[in-house]
Amino acid sequence: MCPEEFTSVFFPFHGRLYRIACVLLNNREDAEDILQETYCKLWDKRDELSQIREPEAFCIKLVKNLCFDKLRVQKRITTEDLTETHLPLNHEITADQKMVNKEKLEQIAIWIGQLPEKQKQVIQLRGYGDCSLEEIEVITGESAVNVRVLLSRARKTLKEKFKEYIHE
């Protein structure tokens with residue numbers, strides 16, 4: 001595979017791969033390292049890549065595996081303030097409203113962090129990683145039904161906590 005073909009086939013997935021790595025690692029710098037490692041591995045195997053039918057799914061699986069390898073080595077996940085990096089606020093609202101929105105987003109990020117690990121992973125991949133249900137299946141190794149159940153339970157829990165928070 002020539003460099004131009006490699007670039008045209010694999011670079012369009014860069015944004016999605018980065019978001020997935022960010023969600024799985026909760027760390028932007030580590031996600032960048034994983035993407036660099038992903039592209040190095042792809043480039044090293046470029047002569048074999050023409051046989052791959054679904055290059056995007058292949059890349060997602062590779063990123064997922066590299067992230068899980070990194071997490072196994074670290075033995076702990078660092079938490080990032082998702083409200084600052086992934087949930088931009090509308091700049092056309094008042095300063096008071098921005099403050100209220102920021103507080104709400106911070107609280108939601110805390111609740112997401114308190115979800116069971118699989119629910120947290122699924123809600124982050126769907127919400128922050130902008131992944132389809134099929135991609136979440138590939139990344140997590142869960143069945144389609146289980147992904148939907150995990151997502152539904154996570155949303156229900158967050159909705160209930162938010163209702164309580166609003167009525168306090």
Side-chain angles (χ1 to χ4, degrees), residues 1-92 102 105-106 108-109 112-113 115-152 154-155 158:
M1 181 177 286
C2 71
E4 293 80 18
E5 185 180 3
F6 180 86
T7 301
S8 69
V9 171
F10 293 101
F11 276 39
F13 314 132
H14 183 82
R16 174 161 277 167
L17 297 176
Y18 176 72
R19 288 189 302 274
I20 290 168
C22 278
V23 167
L24 292 175
L25 298 173
N26 288 328
N27 184 298
R28 297 170 101 183
E29 291 80 20
D30 287 346
E32 291 168 3
D33 291 345
I34 289 295
L35 248 54
Q36 184 173 2
E37 187 176 348
T38 298
Y39 284 114
C40 287
K41 286 185 179 288
L42 288 169
W43 181 251
D44 290 343
K45 301 285 185 183
R46 68 187 173 276
D47 295 332
E48 303 165 24
L49 295 176
S50 60
Q51 301 169 9
I52 296 172
R53 292 185 192 170
E54 297 290 335
E56 185 174 18
F58 181 80
C59 290
I60 289 171
K61 184 83 167 176
L62 180 58
V63 166
K64 177 191 94 164
N65 290 340
L66 290 172
C67 287
F68 288 156
D69 289 347
K70 184 168 191 65
L71 290 173
R72 274 188 217 98
V73 171
Q74 289 178 342
K75 299 260 184 188
R76 70 183 180 117
I77 301 173
T78 57
T79 304
E80 175 184 34
D81 182 10
L82 298 172
T83 60
E84 293 292 325
T85 57
H86 298 291
L87 298 174
L89 295 173
N90 184 345
H91 296 291
E92 298 175 9
K102 184 175 180 183
L105 292 172
E106 288 171 348
I108 291 169
I112 289 172
L115 290 170
E117 195 58 38
K118 286 285 187 179
Q119 287 181 22
K120 178 170 66 174
Q121 186 180 29
V122 169
I123 198 92
Q124 287 177 329
L125 286 169
R126 184 69 171 167
Y128 302 129
D130 195 30
C131 294
S132 69
L133 295 176
E134 294 80 18
E135 291 168 330
I136 295 171
E137 288 174 48
V138 171
I139 292 167
T140 62
E142 298 288 335
S143 68
V145 172
N146 203 25
V147 167
R148 286 182 183 88
V149 168
L150 289 167
L151 191 57
S152 175
R155 286 176 175 162
L158 293 173

Q: Describe, in one word, how the ring planes of Y39 and F11 are oriented to each other, choosing from parallel (under 30°), tilted (30 to 60°) and perpendicular (over 60°).
A: tilted
Q: Give the ring-plane orientation class for H14 versus Y18, where under 30° counts as parallel, over 60° as perpendicular and anything between as tilted.
A: parallel
Nearest 0.5 Å please: distance from the [atom1] atom of [X] over to the [atom2] atom of [Y].
X    : Y    : atom1 : atom2 : value
L24  : K64  : CG    : NZ    : 9.0 Å
N65  : I139 : CG    : CD1   : 10.5 Å
L150 : Q121 : CG    : CD    : 9.0 Å
W43  : L49  : CH2   : CG    : 10.0 Å
L17  : L35  : CG    : CG    : 5.5 Å
S143 : R148 : OG    : CZ    : 9.0 Å

How far apart are the closest heavy atoms of [X] and [Y], and which atoms are they?
X    : Y    : value
A144 : E137 : CB-OE2, 3.2 Å
L42  : F10  : CD1-CD2, 4.0 Å
E29  : N27  : N-OD1, 3.0 Å
I34  : L66  : CD1-O, 3.7 Å
I60  : I20  : CG1-CD1, 3.9 Å
A31  : L25  : N-CD1, 3.8 Å

